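The structure presented is a predicted model; accordingly, all values stated were derived computationally and were not measured. In what follows, chains are A, B, ... by sequence order, proteins preceding strands, each numbered from 1.
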Protein chains: 2
Amino acid sequence: MLMYQKELQQLMEVNKMANFSKVSVKEDARTELHDQLGLTGAEVSVNNLPAGAGVPFVHSHKKNEEIYMILSGKGKAVIDGETVDLKAGDWVRISPAAKRQFSAAEDSPISYVCIQVRENSLEEYTAGDAVIG
Amino acid sequence: MLMYQKELQQLMEVNKMANFSKVSVKEDARTELHDQLGLTGAEVSVNNLPAGAGVPFVHSHKKNEEIYMILSGKGKAVIDGETVDLKAGDWVRISPAAKRQFSAAEDSPISYVCIQVRENSLEEYTAGDAVIG
């Protein structure tokens, strides 16, 4: 059993070093991609809340900015006491210290992606970071 | 005119400091969210390629890991010479140095999100970075 665990760990290390990785996400309540994809600059989760359901706690972060994308359905976020209506195509950035709580609408489920990144970690991007060819 | 520009810049600075920001993304060919949302840890773009179209160049990155989410349609990525078929629900991580080129299928458009983050920038996340309540 210990041998098997070691081999599995080695396989995971190899996967982390590969030039790319791919997964297909099913419609589970929550799918966390950091370990599945071997991410090093973000945690990404795909979330599905049924109508009338909500994340059961308020939370904030120590260092991480969160970026939410609404994939389908309707719901709301309460951010530092302010209610923000959400629908497909909406994107929201939330600063680490803001207190947040997401929920689906009473009459609609909601599917959303949550991206966690370290605040102020991005340096150059797109043209500034790309090498063409 | 200079006064107006200064006021606009101040408004943008205020927005960057706000605890959250929100935009609704339309179905344009490409929408870049870094400036619109005041992101500090990622650049995020939403991309729509018509059937038969592709990004017209191969590119890699200096420091940034890229994470792609396929929203709808079909297509492919060629990554370091390897062809990866893509469909809705697929997620792909690509290391900075890998050479990549995305295209829609001949018979289907493709919509996808591209997230750029600095490689190895994430420290703790989820339970390790969250504060409950």
Q | Heavy-atom pair count under 4.5 Å with chain B, highest-scoring of A/Val92, A/Val117, A/Val131 | A | A/Val131
Q.
I'd like to know whether NZ of B/Lys22 has more than 12 heavy-atom contacts from other residues, nucleotides or ligands below 6.0 angstrom.
A. yes
Q | Straight-line distance of B/Glu27 CD to B/Leu71 CG, nearest 0.5 Å | A | 9.5 Å
**Q.** Minimum heavy-atom distance A/Glu124-A/Asp129, with the two atoms named
**A.** O-CB, 3.7 Å
**Q.** Inter-chain contacts: residues 51-58 of chain A against chain B, heavy atoms under 4.5 Å
**A.** A/Phe57, A/Val58
Q | Most chain A-contacting option - heavy-atom pairs closer than 4.5 Å, from B/Lys99, B/Gln116, B/Glu66 | A | B/Gln116
Q) Do you know which of A/Lys87, A/Glu82, A/Arg100 has the most heavy-atom pairs under 4.5 Å to chain B? A) A/Glu82
Q: With chain B as the partner chain, list the residues of residues 101-115 of chain A whose heavy atoms fall under 4.5 Å from it, by residue number, and write 'none' if nothing qualifies.
A: A/Val113, A/Ile115
Q) Under a 4.5 Å heavy-atom cut-off, does chain B meet the side chain of A/Thr126, its backbone, both or neither? A) both
Q. What is the distance from atom NZ of A/Lys26 to atom CG of A/Asp28, rounded to the nearest 0.5 Å?
A. 8.0 Å
Q | From CE (A/Met69) to CG (B/Leu33), nearest 0.5 Å | A | 9.0 Å
Q) What distance do A/Leu37 atom CG and B/Tyr68 atom OH have between them, rounded to the nearest 0.5 Å? A) 13.5 Å
Q: To the nearest 0.5 Å, tell me how far A/Arg118 CZ sits from B/Tyr125 OH.
A: 15.0 Å
Q: Would you mind telling me which of A/Lys63, A/Glu65, A/Glu43 has the largest number of heavy-atom pairs within less than 4.5 Å of chain B?
A: A/Glu65
Q. Between A/Val25, A/Thr31, A/Asn64, A/Ile132, which residue shows the highest count of heavy-atom pairs closer than 4.5 Å to chain B?
A. A/Asn64
Q) Which residue, A/His34, A/Gln36, A/Arg30, forms the side chain to side chain donor-acceptor pair (under 3.5 Å) with A/Glu32? A) A/Arg30
Q) CG/A/Leu86 to NZ/A/Lys76 distance, rounded to the nearest 0.5 angstrom? A) 10.5 Å
Q: For side-chain contact (heavy atoms from CB on, under 4.5 Å), just list the numbers for A/Ile94 and A/Ile79, CA-CA rounded to whole Å, side-chain angles, deciding distance to a tenth of an Å, and then say yes or no.
A: CA-CA 8 Å; A/Ile94 307 182; A/Ile79 306 172; 3.7 Å; yes
Q | Residue pair B/Ala98 / B/Ser60: nearest heavy atoms and the distance that separates them | A | O-CB, 3.4 Å
Q: Tell me, for B/Leu39 versus chain A, whether the close heavy atoms (under 4.5 Å) come from the side chain, the backbone, both or neither.
A: both
**Q.** Polar contact flag, side-chain donor to acceptor under 3.5 angstrom, B/Ser24-A/Asp90
**A.** yes
Q) Looking at A/Ser121, A/Gly89, A/Ala97, A/Pro96, which has the largest count of heavy-atom pairs under 4.5 Å with chain B? A) A/Ser121
